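Okay, so here's the structure we're looking at.
Quick caveat: nothing in here was measured; it's all calculated off a predicted structure. Below, chain A is the first sequence line, B the second, and so on; all start at residue 1. Any value given below was found using the heavy atoms of this structure, including those in side chains, with hydrogens, waters and symmetry copies removed.
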2 protein chains.
Amino acid sequence: MKRGTSRDIRTANRYEVLRQIIAASPTSRQELAAATGLSLATVATLVGELLELRMITEVGFEDSAGGRPRGLVAVNASGGALIGVDIAETYVHVELFDLALNVLARAEENVRPVESRPEQMVGHVTAAVGSVVAQAGIEGARVLGVGVSVPGQVDRATGIAEYAPNWDWHDVPLLDLLTEHIAYPLYLDNPLRAVAVAELWFGAARGRGNAVVVNLGTGVGAGLILGGGLHRGVSNSAGEWGHTTIVLDGRLCHCGNHGCVETYVGAPGIMLNLRELSPGSTLLHPEDQTATIAALAQGLLRHDPVALEVVRNTARYLGAGIADLVNLFNPEVVVLSSWVAAALGEPLVAEVREAVARHALPRPMAATEIVLSPIPTDPACLGAATFALEGALQSVGQRNGKKRSTPARSRTAPPS
Amino acid sequence: MKRGTSRDIRTANRYEVLRQIIAASPTSRQELAAATGLSLATVATLVGELLELRMITEVGFEDSAGGRPRGLVAVNASGGALIGVDIAETYVHVELFDLALNVLARAEENVRPVESRPEQMVGHVTAAVGSVVAQAGIEGARVLGVGVSVPGQVDRATGIAEYAPNWDWHDVPLLDLLTEHIAYPLYLDNPLRAVAVAELWFGAARGRGNAVVVNLGTGVGAGLILGGGLHRGVSNSAGEWGHTTIVLDGRLCHCGNHGCVETYVGAPGIMLNLRELSPGSTLLHPEDQTATIAALAQGLLRHDPVALEVVRNTARYLGAGIADLVNLFNPEVVVLSSWVAAALGEPLVAEVREAVARHALPRPMAATEIVLSPIPTDPACLGAATFALEGALQSVGQRNGKKRSTPARSRTAPPS
DNA sequence: GGGGTTAGGAAAGGGGGTTTACGAAGTCCG
DNA sequence: CGGACTTCGTAAACCCCCTTTCCTAACCCC
């Protein structure tokens, strides 16, 4: 059983303070203390650390009611760069962020179905990472880390992609392969958790101790924020919600079971919902998820009845599933994230809210908000970069002595 | 957002140490340190605290390989009493425990359906609590607390039963009502969480940071142990798993929805499974859940094909539901608890294991054990009493000065 | 240019856990 | 039978964390 140490408190507080600074960028220590609930002294210490790391800078002063002006700090955008890599079935998407998490450069590599070998994927990642660094004109030393999101089960400690269903990878030592080509610190995890962390730091889950981040893309999952941090489970595979049975003996899922949530509310599932409702619909682009979802989104805008009905139908499944999560976790907020959610937007959320309200118990429902992710870019990239940010921040904790002289080691009076 | 303080660490460690002592009763500080991962010094401090509280006592010595013997400590059974109250639809069950959590006295009050008013229920509880105290011949001052488990949504802070479906209670200030009649410290929560805590302290979840306690009774729920402690959610209603949709548009549930897990694997649901399979079965006692489940259990023992099939069928639903929990939480262990699980026992668990294995993803499945609760008595009573124990232990943390003279508290040399 | 006010830093203080040192209480063996 | 060796358990020193308190810095106003 993992034991919590007082160090963890410091780390959590450091995260919290930096989150707050990034969110409300020019801000004062006073404001930070109020927002985080920490004492002024602690905030000052943490701000001092971050200043020393050059992650933030002092940017001026702000009038205070008649007294000494408040010093303002802001993210030091040029204090370093973070890279987020989103590996998906058909593409590798890489973004380079400054410390304010603005995108400075982007690169995308298309991956053809035949290129499913790990080495090929590593090649794509390496190329794209090189590209964004070059584009942004950043010197290598300023890259604080690279977060990599790869689908499937990931062992963070060993950096092994234990199982990636898309390419039938088994126990691929991805971290080692990447390390050979990329010199920056690497952090590996899966998109589910990346998106959840992005939401925790920069999105709708910020400042919430309990949140569920529902990931609606080609696949479906639920990142769990519990007790203020990401819940990973015992083998880092928590959050696999896509294969929850929602219709016993329902649609066949590629996982081998029937009736998984994913087969109804993932992009292919939504296509199927559309096809079942209106087989000849012009909204349907048989081989193209992205186009079909985009067409549905367009349809919603012009109140196309078929589009509305498909969304309503999808929301019915999604609402039932989310209601289960609300009952089970009693979260403060449920965030709908990823590209399908972003595309279908508020109309989907509104339908989902209604559907959830029909299914969930009143008390947990009353405590829960259901919102769309406010994150405008690819949340998996952002989340992956956030892992890198967390990593960079974590290593601050590594108190490496500081007693430079290492005095009198000789004190050893060897016994025996 | 709740902030963790270093005090919480101490509390958690105190819990852990006491748990370990209760579990392995005569035990040494060495063993405790090894089991908890704490340093010897910390264990010694905590043991010292518990000794001073008279919750444990020194009970002798144990040979150590050639050196000073280890001092042994054990629970001081007579150091206090804890009372657990399990309020259910048709009965109020009260047990009085010593500090080793042995049952010293029991009382049961039957509740007739007409007696659903809170005052009547309070009367039953008061009577039963008085009864167990009298039976056990305990002086009032020795009762450390009374834990009360009441179905539905409970606000622990205010002690209000916000909603209890059985009796249509709304915002009943149960704690206040009980306080008028019961002088001991009171702790209120619901059976779901009581059972989970019982399992965490004394059952199959002991020492596990992540566990799911599936509660199979008339109602169904899932107590969540996450990060070493009970997960309550933002309004203390986490764990409501019974109304998870498992069959879209399935059986009508009293919650108003269709296809809830509870309607398939709760005791009434199992009866329905039986009725659907074999309408005229002699196993069926139409108006008596307890008798029907008992008959099924008997049937299993003699390999009655109908009983086997009913259990298999129930396990099919249950397995699908539990697989979802395994995927979602990635727990170390799933514990099947409460009277239905106890009655159907290993045959049910074996079927459930198979069913879960069919539905869950391989990786989380590999990390999860599915076991029957080892707790022999009413787990809700035990869990309620555990809340009282936690409460008593918590108030130790209230260091109010300590500048009290009280030196040399009676220099009692430990009895040889 | 003093008083009043507010910000921010330094020091003290209260928790917590661990490491180290040392006395206590046995065993082993000459 | 007593010293040497072992092992336990406590006390003290140390490090980490957060908060409270005190004091100085910096600005406003009169």
side-chain hydrogen bond (donor to acceptor under 3.5 Å, both in side chains) partners of B:Asn102, counting only residues at least two apart = B:Asp98

request  = Provide, to the nearest angstrom, the distance between the CD atom belonging to B:Glu16 and the P atom belonging to C:dG17.
outcome  = 13 Å

key: Spacing of B:Arg14 atom CZ relative to C:dG15 atom C1', expressed in whole Å   = 12 Å

ask   = Between the side chains of A:Ser78 and A:Asn76, is a donor N or O closer than 3.5 angstrom to an acceptor N or O?
value = yes

message = Please report the distance, rounded to the nearest Å, between CG in B:Leu40 and P in D:dA12.
response = 17 Å

query = Any side-chain N or O of A:Gln30 less than 4.0 Å from the OP1 or OP2 oxygen of C:dG8?
reply = yes

note = By side-chain hydrogen bond (donor to acceptor under 3.5 Å, both in side chains), A:Glu369 pairs with (sequence neighbours left out) A:Arg208

query = Has B:Asn13 got a side-chain N or O lying under 4.0 Å from the OP1 or OP2 atom of C:dG17?
reply = yes

Under 3.5 Å donor-acceptor, A:Asn190 side chain and A:Arg193 backbone = yes

request  = Could you please name the option among D:dC17, D:dG9, C:dG9 that lies closest to any side-chain atom of A:Ser6?
outcome  = D:dC17

Partner residues of B:Leu175 under the side chain to side chain contact (heavy atoms under 4.5 Å, CB included) criterion, sequence neighbours left out = B:Thr179, B:Leu186, B:Leu188

Interface polar pairs with nucleotides 1-5 of chain C, N/O, under 3.5 angstrom:
from	atom 1	to	atom 2	distance (Å)
C:dG4	N2	A:Gly66	O	3.1

ask   = In whole Å, what is the span from the CG atom of B:Asp8 to the P atom of C:dG17?
value = 11 Å

query = Would you say D:dC18 has OP1 or OP2 under 4.0 Å from some side-chain N or O of A:Thr42?
reply = no

message = Nearest whole Å is fine: how far is C:dG17 C1' from A:Arg10 CZ?
response = 16 Å

ask   = Side chains of B:Met55 and B:Ile21: closer than 4.5 Å at any heavy-atom pair?
value = no

task = Specify the separation, in whole Å, of atom CZ of A:Arg70 and atom P of D:dC28.
result = 13 Å

inquiry  = Could you tell me if the side chain of A:Leu389 sits less than 4.5 Å from the side chain of A:Ile22, heavy atoms only?
reply    = yes

Residues 194-203 of chain A side chain polar contacts: donor-acceptor under 3.5 Å, at least two apart:
from	atom 1	to	atom 2	distance (Å)
A:Glu199	OE1	A:Ser373	OG	3.0
A:Glu199	OE2	A:Ala204	N	3.0
A:Glu199	OE2	A:Ser373	OG	3.2
A:Trp201	NE1	A:Glu390	OE2	2.9

Any B:Arg156 side-chain heavy atom under 4.5 Å of B:Phe387 side chain = yes

task = Using five base pairs at each end, measure the axis-to-axis angle across the helix from C:dG1-D:dC30 to C:dG30-D:dC1 and round it to 10 degrees.
result = 30°

ask   = Is the shortest side-chain N/O distance from B:Arg29 to OP1 or OP2 of D:dT10 below 4.0 Å?
value = yes

query = Does any N or O in the side chain of B:Gln394 come within less than 3.5 Å of the main-chain N or O of B:Thr11, such that one atom is a donor and the other an acceptor?
reply = no

Nearest to side-chain heavy atoms of A:Pro69, which nucleotide of C:dG17, C:dG9, D:dC27 = D:dC27

request  = Select base, sugar-phosphate, or nothing to describe what A:Gly71 touches, counting heavy atoms under 4.0 Å on all strands.
outcome  = sugar-phosphate

request  = Between B:Ala41 and A:Ser28, name the one whose nearest nucleotide on DNA chain C is closer to the 5' end.
outcome  = A:Ser28

Nucleotide C:dG26, atom P - distance to CG of B:Leu72 in whole Å = 13 Å

ask   = Pick the nucleotide of DNA chain D nearest each of A:Phe61 and A:Thr45; which residue has the one closer to the 5' end?
value = A:Thr45

query = For the pair made of CG in B:Leu51 and P in D:dG9, what is the distance, rounded to whole Å?
reply = 11 Å

